[in-house]
Amino acid sequence: MKENDKHWYPIRVTYSQEMKVKSYFDACQIASFIPMRYSEIQCNGQSKIKLVPVIHNLVFVYCTKNEIEQIKRESSISSKIRYIIDKETKQIITIPDKQMQDFISVAGNIDEQILYLTSQEVALKKGDYVRITGGIWKGIEGKLVRIKKNLRVVVSLQGIAAVATTSIHPSLVEKIEK
């Protein structure tokens, strides 16, 4: 991994400051992503619907390692961010572009039927690796699983998170080799 190559980095953020950190990256014109959903929140005894992060303390950032290192040294958010390390390899986790784009395509759709899963909640080794061939998820690749009696395609970011599409008809998927 070269220091000046851009990659998607899942960044751990402290104290639920993910929106503040994303605002910083936006101001620096660095691409970032936080999966969001609408949630009912109680505020001063009133119920409000608000757009909130689905996975707290996590921001995905597309930049170079040098850019992150500079931010960690010199910025106002330096104490709020840290890399996520793969427990087996002891390397900083990066996410392949295609995998992250598929994750954003599904997770970026603010739909009440989308399910967010932890890596422990879904056994991704079971089922076939598939590509969706039609509909709004056309081109998305992931594992075909059955959740709540429906077939769904799960896009997983290894060890970080997973997101499942809404129900998919079997005729809209094709098995592929990973």
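FYI, the numbering just counts along the sequence from 1. These numbers come from a predicted model, not from an experiment.
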- Query: Would a distance-only check, ignoring hydrogens and angles, find a side-chain to backbone donor-acceptor pair under 3.5 Å from Asp128 to Lys175?
  - Reply: no
- Message: Any donor-acceptor pair under 3.5 Å linking the side-chain atoms of Lys72 with those of Ser78?
- Response: no
- Query: How about Tyr62 and Glu67: does a side-chain donor come under 3.5 Å of a side-chain acceptor?
  - Reply: no
- Glu88 atom CD, neighbour heavy-atom count above 12 within 6.0 Å: no
- Item | Nearest non-hydrogen partners of Gly108 and Phe33, listed with the distance | N-CZ, 3.8 Å
- Is it true that the side chains of Ser47 and Glu40 contain a donor and an acceptor less than 3.5 Å apart? yes
- Tightest non-hydrogen contact, residues Met100 and Leu157, listed as SD-CD1, 4.1 Å
- Task: Count the heavy atoms of every other residue, nucleotide or ligand shown that sit under 6.0 Å from CD of Gln29, and state whether that count exceeds 12.
- Result: no
- Message: With a 6.0 Å cut-off (strictly less than), is the heavy-atom count around CD of Gln42, excluding the residue itself, greater than 12?
- Response: yes
- Query: For Val130, does its backbone N or O pair with a side-chain atom of Glu141 as donor and acceptor, under 3.5 Å?
  - Reply: no
- Output yes when Asp102 and Lys98 qualify as a salt bridge under the 4.0 Å nitrogen-oxygen rule, no when they do not. yes
- Could you walk me through whether Lys6 and Thr64 pass the side chain to side chain donor-acceptor pair (under 3.5 Å) test, one step at a time? CA-CA 4 Å; Lys6 285 191 172 190; Thr64 67; over 6 Å; no
- Message: Quick one, Tyr24 with Gln17, criterion side chain to side chain donor-acceptor pair (under 3.5 Å). Give me CA distance, side-chain angles, the key distance, then yes/no.
- Response: CA-CA 11 Å; Tyr24 179 87; Gln17 298 285 309; over 6 Å; no
- Chi angles and distances behind the side chain to side chain contact (heavy atoms under 4.5 Å, CB included) call for Val61, Trp8: CA-CA 5 Å; Val61 181; Trp8 279 101; 5.6 Å; no
- Message: To check you understand the geometry: which heavy-atom pair defines the closest contact between Asn57 and Ser16, and what is its length?
- Response: OD1-N, 2.8 Å
- Query: So, does Ser39 use its side chain to make a donor-acceptor pair with the main chain of Lys50 at under 3.5 Å?
  - Reply: no
- Item | Closest contact, heavy atoms only, Ile168 versus Arg152 | CG1-CA, 4.4 Å
- Note on the structure: Between Pro10 and Ile93, the two heavy atoms sitting closest are CD-O, 3.3 Å
